[in-house]
Amino acid sequence: MNIQSAPGLMLPDPVAIAVALDPNIVKRQGKYFVEIEITSELTRGATVVDELGVLHKTPNINVVWAINIPRWKELLYTCLRS
């Protein structure tokens, strides 16, 4: 999901749960080296994904870049109605 092209609110926790419940909801993903910035005053807590592999470090996280939004909404509404 891209924040610029996704209408409505960004809901990362429900998306993560949906991916856990139905991995087929994922449209684009990849394995990348990811770290959380802890030393900079300006970016402390930021998630840094080495998408281009410039650090030449072993990928440590599977990153989901895009999901099937209609399927996600369907799953979310189903869970909320239960």
Side-chain angles (χ1 to χ4, degrees):
M1 235 183 317
N2 180 325
I3 195 165
Q4 287 82 18
S5 64
L9 300 172
M10 300 300 291
L11 301 170
D13 292 339
V15 168
I17 292 169
V19 170
L21 292 172
D22 182 5
N24 293 322
I25 208 167
V26 176
K27 289 174 66 176
R28 186 169 71 92
Q29 65 182 331
K31 190 96 172 169
Y32 300 94
F33 178 76
V34 177
E35 269 188 347
I36 307 302
E37 175 58 57
I38 59 170
T39 58
S40 172
E41 289 184 28
L42 295 176
T43 58
R44 185 175 179 171
T47 302
V48 181
V49 179
D50 184 12
E51 189 175 359
L52 301 176
V54 296
L55 297 175
H56 304 289
K57 292 191 174 184
T58 303
N60 59 352
I61 299 289
N62 187 43
V63 177
V64 173
W65 294 107
I67 62 168
N68 178 328
I69 294 174
R71 173 67 188 120
W72 172 75
K73 287 181 179 180
E74 178 184 318
L75 185 58
L76 177 64
Y77 297 150
T78 299
C79 290
L80 291 174
R81 280 185 240 143
S82 298

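Quick caveat: nothing in here was measured; it's all calculated off a predicted structure. Below, all heavy atoms of this structure are taken into account, side chains as well, without hydrogens, waters or symmetry copies.
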Closest non-hydrogen atom pair, [X] against [Y]:
| X | Y | result |
| --- | --- | --- |
| I67 | K27 | O-CD, 3.2 Å |
| D22 | R71 | OD2-NE, 3.2 Å |
| T58 | F33 | O-CD1, 3.4 Å |
| W72 | I25 | CA-CD1, 3.3 Å |

Residues K57 and D50 bridged, charged N to O under 4.0 Å |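 Salt bridge flag = no for D50 with K57.
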
To the closest 0.5 Å, what do you measure between [atom1] ([X]) and [atom2] ([Y])?
| X | Y | atom1 | atom2 | result |
| --- | --- | --- | --- | --- |
| I61 | E35 | CD1 | CD | 11.0 Å |
| E74 | I69 | CD | CD1 | 14.0 Å |
| L21 | C79 | CG | SG | 6.0 Å |

Please answer: with hydrophobic residues joined when any side-chain heavy atoms are less than 4.5 Å apart, are L52 and L55 in the same cluster?
-> yes

When you look at CG of L80, are more than 12 heavy atoms from neighbouring residues, nucleotides or ligands closer to it than 6.0 Å?
->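 For L80, atom CG is crowded (more than 12 foreign heavy atoms under 6.0 Å).
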
Backbone of T39 reached by a side-chain donor or acceptor of E37 within 3.5 Å | yes

Mind checking who shares a hydrophobic cluster with L42, ILVMFWY linked at side-chain heavy-atom distances under 4.5 Å?
->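 In the cluster with L42 there is nothing else; it is isolated.
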
